[in-house]
Amino acid sequence: MRIRRILGLVLAAATLAGVSAVGAVSAGAAPSPNISRDECTAAGGQIISRPYAGEACALPDGTTQAIT
């Protein structure tokens with residue numbers, strides 16, 4: 001019975017450590033890079049206006065990037 005409890009605690013600690021590592025990696029991910037108006041149109045994107053956020057480039061793959 002004691003071995004089950006210890007194994008359960010070890011498993012729980014390992015799970016929490018894994019979740020923490022995944023959170024740290026995703027928190028460190030870089031935001032989308034900025035793109036110029038010329039680069040946007042050259043890549044086949046459309047310039048869209050976002051309320052209170054300025055302009056952005058809507059690329060054909062479905063992503064949007066801020067325009068510098």
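Count residues from 1 along the sequence. Values reported hereafter were calculated over all heavy atoms of this structure, with side chains retained and with hydrogens, waters and symmetry mates removed.
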Next on the checklist: side-chain contact (heavy atoms from CB on, under 4.5 Å), that's the test. Do R37 and I47 meet it? Break it down for me.
Outcome noted: CA-CA 7 Å; R37 293 175 71 89; I47 298 173; 3.6 Å; yes
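- Of all heavy-atom pairs between P60 and G44, the closest is CG-O, 3.5 Å.
- Of all heavy-atom pairs between A43 and L59, the closest is CB-CD2, 4.0 Å.
- A donor atom on one side chain and an acceptor atom on the other are found under 3.5 Å apart for D61 and T63.
- Here I67 contributes atom CD1 and C40 contributes atom SG; the two are 5.0 Å apart, rounded to the nearest 0.5 Å.
- Shown here for T64 and A58, the closest heavy-atom pair between the two residues is CG2-CA, 4.1 Å.
- Here the shortest heavy-atom pairing between I35 and C57 reads CG2-CB, 3.8 Å.
- Atom CD of E55 has more than 12 neighbouring heavy atoms from other residues, nucleotides or ligands inside a 6.0 Å radius.
- Side-chain atoms of N34 and Q65, non-hydrogen and from C-beta on, never get closer than 4.5 Å to each other.
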